Amino acid sequence: MKIIVCVKQVPDTSGKVAVKADGTMDRAAMATISNPDDMNALEAALQIKDKNSDTKVVVISMGPPPTESMLRECLAMGADEAVLVSAREFGGADTFATSTTLTAAIRKIGVEKDDIVFCGRQAIDGDTAQVGPQIAEKLGIPQVTYVTGIDYTDGQLTVRRELEDGYMTIKVQTPCLLTCIKELNTPRYMRVAGIMDCYSKPYTVLDFNALVDDPMVELETVGLKGSPTQVYKSFSPPVKGAGTMLEGADKATCEQLVSILGEKHII
Amino acid sequence: MAFNSKDTAAFKGVWVFCEQRDGVILSTGYQLLSEGRKLANDLGVELCGVLLGHEVNETYAKALGGYGADRVYICDHPLLKDYTTDAYTKVICDLVEDKKPEIFLIGATNIGRDLGPRVAARLKTGLTADCTHLDVDVEKYKAFLKTTSTIDVDNTKFEENTNLKMTRPAFGGHLMATIVCPDYRPQMSTVRPGVMQTQAFNEETAAKTVLDKVDVQLTEADIHVDLVEIVKSAKKAVDLIGADVVVSVGRGISADPKRGLEIAEELANVLGGVVGASRAVVDDGYIGVDHQVGQTGKTVHPKIYVALGISGAIQHVSGMQDAECIIAVNKNENAPIFDVATYGITGDLFKVGPMLAEAIAKYKAEKA
Ligand SMILES: Cc1cc2nc3c(=O)[nH]c(=O)nc-3n(C[C@H](O)[C@H](O)[C@H](O)COP(=O)(O)OP(=O)(O)OC[C@H]3O[C@@H](n4cnc5c(N)ncnc54)[C@H](O)[C@@H]3O)c2cc1C
Ligand SMILES: Nc1ncnc2c1ncn2[C@@H]1O[C@H](COP(=O)(O)O)[C@@H](O)[C@H]1O
C-alpha cells in the first residue's frame, strides 16, 4: 500500500513576527518550520509502515524551492519518496486553489484501492483546516478529520475522531483522507542513517507543465487566479493601552484591586 | 439548468447551518442566526436556518425564528441522525444548488470545520475559516476598522459593494485579514463559536417562522464510512466560551501544579467562574485540553479574565484579549501579558492568588 502525506513549510509564529509596511506578513524575514500537525500525520504514516513492511510513504508539499529542506527531513525521518510541487503559476493560492494543485499532484502519484492520504488538521500560518477536506472532495474519497487514534488491521481502517464533547469511532473505506491532530502521537526524530541517505531517496519536482494534463489544472484554476477568495484588507490588531500596574504584591494590593473592581461594578 | 457558482446574480438570501447533536441545537447556531439577521437586514433579504437530523423536533426548529430566522429548512432522514461528512455534504449541496443563497455561515466547530470545506469544494466556491467579524455594509466595516485596527480609515479607499467582508486572525493572531469572495456564490464562512453575540429570544418572530420540509434524497450508498459509536466525555465539558469569569493558569504553576490549580479553583469559585489554562499547562498534562484558551483552544470574552503565571504569548492572547477586564499576576514584571492586562500585579501567584481570593470573599461578604 501507499501512504501520501501532505506537509507544509510554515513561518514560525511562536517568536517575533515580521510584518511589512503594507500590513502583510514578511515571510522571507521569518524562520520556517515544518507545520506541527503535519509531523503527526507523517508519524502516523510511519507507524503503519513500521507494522506493514510493504508500505510506501510518499511526502508531498507545495511551496517554493527552499521547501526541499523540509522534505529532506521527512525522508530522514523515514519517508520513502518526496515530491515538491513548485511553480510560479501555483503562487498566491487560497485553500481552494491549493487543494486543486495538490489533488492533481496526488493523482499523478496515484491513489490505489488500499492507499491513504494523510494531512495535518491545519497549517499554523492560516489555521484554516480546509486543504485536507478539499483534497478529499476533489479526489472523490471519504475523509475523517481531527483524528486522534488509528487502528489499521488486516486492511481495515478504524479511526477515532475528536469532538468538543467526546469522540466518534469511525470505520472508513480506503482510499481515504485523514487529517491528524497533535494528540495522535509524538513525531519521531530524524535517524542518523536517515540523514545519510535522505539525498539518495527519490525526489521529484512537479511544475505547472507536469500537471497541466490533469483535467482540473489550467492557468485559471491554480494559484492566485484560481482562488475564489481574495484579501480585501489586512491589518495589525491595535496595541492595547497599557493598563494599571498595582504597587506591591501583598494583602493591601489585593484589597486595593478588589475595591477598584467593586467601584467599577466589575464584581 | 446546471448549478453555476459564478452566476452571482442568481443567488439571494443568508443561510445559517444550525448544527444539532443528539437532537439539541448548539448555541453556535443561535449566535450565527443573530449575526446573520443583521447581514440579512443590511441586504434586505431573507434569513434561513438549515437544520439536518432525524425526527427533528419542530419546537426547536420554530425557536430558531426567535433568534432571527425567517425560514427554517428541515432535512429529516434516518441517515442524518448523526453527522457524517458524506451525508451532510450531499444534502446541503443539493439544497444550495436548488435554492441558491448568497451567504452561507457555518459554526467553526469540529464538525463545521469538516463540513464547510467539503461543501465549498463541491459547490466550487470560496470559504473563509474561523471568522471573528462579518460585514456587508462598507460603512459598518469602516466603523469596525476604526476601533480594531491602526488603519487610517478616512484616508483609505474602500471598494463600495455589498460583498461579504469576512475578518479573521491570521498567523497565530499576529495579523488580521479581511477576506472577500467576489466572483463566486455562496460566500461561505465558518465562524468561531462564542464570538458572535446571541440576540434576546423573540417570541413573536419565533411564532412566525416558516418551516420548510426538504425532500431529502439520500441512500446508504452515499455514505462511505461506518459510524461505530459516539462517546460523550464522562465529565461535563467546561463552558469556557459562555463563562462570565475565567481564571486561567499558565506554566507559572509548575512548581506545584496541584496547588496552583487549587488556587485557580478557589478564585473561580469566589468570582463565580471556571478554570482555563494556557497550552503549556495542557501540554504538560496538568489539565484537559477543553480548558485551553487561545489560537488552538477557545476564544473567550468574559467580564473578568484572570491570568495566573501566563507569559502572554500571542497565541494565548488572541483567545482572551476581548475580555472586559483582564487581571494578570506574574512574577516577571516584563511579561507581555501586562501589555494587555487592565490590572497587573507583579508577584508570586502562590502568594497573591490566595490573598486575592480572600479579599474578594471578604468584599462579597461585606456587601451581602
Ligand atoms: C501554532 C501554535 C498554537 C498555539 N496555540 C496556543 C493556544 O491556543 N493557547 C495558548 O495558551 N498557547 C498556545 N501556543 C503556545 C504559546 O506560544 C505559548 O508557548 C504558551 O501560551 C505559553 O504558556 P505559558 O504562558 O503558560 O508558559 P510560559 O511562557 O512558560 O510562561 C510562564 C509564565 O509564568 C510566570 N511565572 C512562573 N512562576 C510564577 C509564579 N510562581 N508566580 C507568578 N508567575 C510565575 C513566568 O514569569 C512566565 O511569564 C501556541 C503555539 C503555537 C506555535
Ligand atoms: N502547500 C501545501 N503543501 C502540502 N500540504 C499542504 C499545503 N497546504 C496545506 N497542506 C495540508 O493541508 C493541511 C491543512 O492546511 P490548511 O487548510 O492550510 O490549514 C496541512 O496540515 C497540510 O497537511
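The chains referred to below are lettered A, B, ... by the order of the sequence lines, with proteins before strands, and numbering in each begins at 1. Bear in mind that the values here come from a model prediction, so they are computed numbers and not experimental data. Reckoned from all heavy atoms, side chains included, excluding hydrogens, waters and symmetry mates.
- Residues B/A120 and A/F96 approach most closely at O-CE1, 4.0 Å, considering heavy atoms.
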Inset, instruction - Evaluate the side-chain contact (heavy atoms from CB on, under 4.5 Å) criterion for residues B/E358 and A/K251: first the C-alpha distance (whole Å), next the side-chain angles of each, then the deciding distance (0.1 Å), finally the verdict. - result: CA-CA 9 Å; B/E358 198 190 304; A/K251 206 171 155 204; 4.1 Å; yes
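- With a threshold of 4.5 angstrom between heavy atoms, B/I304 approaches chain A through side-chain atoms but not through N, CA, C or O.
- Among A/L257, A/L157, A/V144, the residue with the largest count of heavy-atom pairs under 4.5 Å with chain B is A/L257.
- The closest side-chain heavy-atom distance from A/I266 to B/E324 is not below 4.5 Å.
- Heavy atoms from other residues, nucleotides or ligands lying under 6.0 Å from NZ of B/K367 number 12 at most.
- Between A/T95 and B/P117 there is no side-chain heavy-atom pair separated by less than 4.5 Å.
- Counting heavy-atom pairs under 4.5 Å between each of A/I260, A/D165, A/T158 and chain B puts A/D165 at the top.
- Residues A/E183 and B/V289 are in side-chain contact: their nearest non-hydrogen atoms beyond the backbone lie under 4.5 Å apart.
- Ranked by heavy-atom pairs under 4.5 Å with chain B, the list A/D125, A/T100, A/I170 is led by A/D125.
- Separating the OG1 atom in A/T128 from the CG atom in B/L127 is a distance of 8.0 Å, to the nearest 0.5 Å.
- Residues B/T178 and A/F235 form a side-chain contact, since some pair of their non-hydrogen atoms from C-beta on lies under 4.5 Å apart.
- Once rounded to the nearest 0.5 Å, the distance linking NZ of B/K124 with NZ of A/K138 reads 8.0 Å.
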Inset, instruction - Would you sort out whether A/Q122 and B/T296 count as a side-chain contact (heavy atoms from CB on, under 4.5 Å), showing the intermediate values? - result: CA-CA 10 Å; A/Q122 64 190 40; B/T296 36; 4.1 Å; yes
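- Between A/L163 and B/I230 there is a side-chain heavy-atom pair separated by less than 4.5 Å.
- The distance from the CD1 atom of B/I345 to the CE atom of A/M245 is 8.5 Å, given to the nearest 0.5 Å.
- With a 6.0 Å radius and a threshold of 12 heavy atoms from other residues, nucleotides or ligands, B/K351 has its NZ atom at or below the threshold.
- If you measure heavy-atom distances from B/T167 to chain A, the contacts under 4.5 Å come from the side chain alone.
- Side-chain contact check for B/I179 versus A/D94: every heavy-atom pair is 4.5 Å or farther apart.
- Within the 4.5 angstrom heavy-atom criterion, only side-chain atoms of B/Q295, from C-beta onward, approach chain A.
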Inset, instruction - Would you sort out whether B/Y141 and A/Y232 count as a ring-ring contact (aromatic ring centres under 6.0 Å, His included), showing the intermediate values? - result: CA-CA 11 Å; B/Y141 177 64; A/Y232 182 70; 5.6 Å; yes
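- Using modelled atom types and a 3.5 Å distance limit, the side chains of A/Q143 and B/D114 yield a donor-acceptor pair.
- In this structure, the side chains of A/D127 and B/R168 come closer than 4.5 Å at one or more pairs of heavy atoms.
- Under the 4.0 Å criterion applied to side-chain N and carboxylate O atoms, B/D283 and A/K182 are assigned as salt-bridge partners.
- Chain B forms more heavy-atom pairs under 4.5 Å with one residue of A/A123, A/A97, A/A136 than with any other, namely A/A136.
- Both the backbone and the side chain of B/S149 come within contact range of chain A, judged by heavy atoms closer than 4.5 Å.
- Two residues are said to be in side-chain contact when any heavy atoms from C-beta on lie closer than 4.5 Å; A/E255 and B/Y363 fail this criterion.
- A salt bridge between B/R21 and A/E164 is present, with a side-chain N of the basic residue lying under 4.0 Å from a carboxylate O of the acidic one.
- Between the B/D86 side chain and the A/P142 main chain, no donor and acceptor come within less than 3.5 Å of each other.
- Judged by distance alone, the side chain of B/R113 and the main-chain N or O of A/R121 form no donor-acceptor pair under 3.5 Å.
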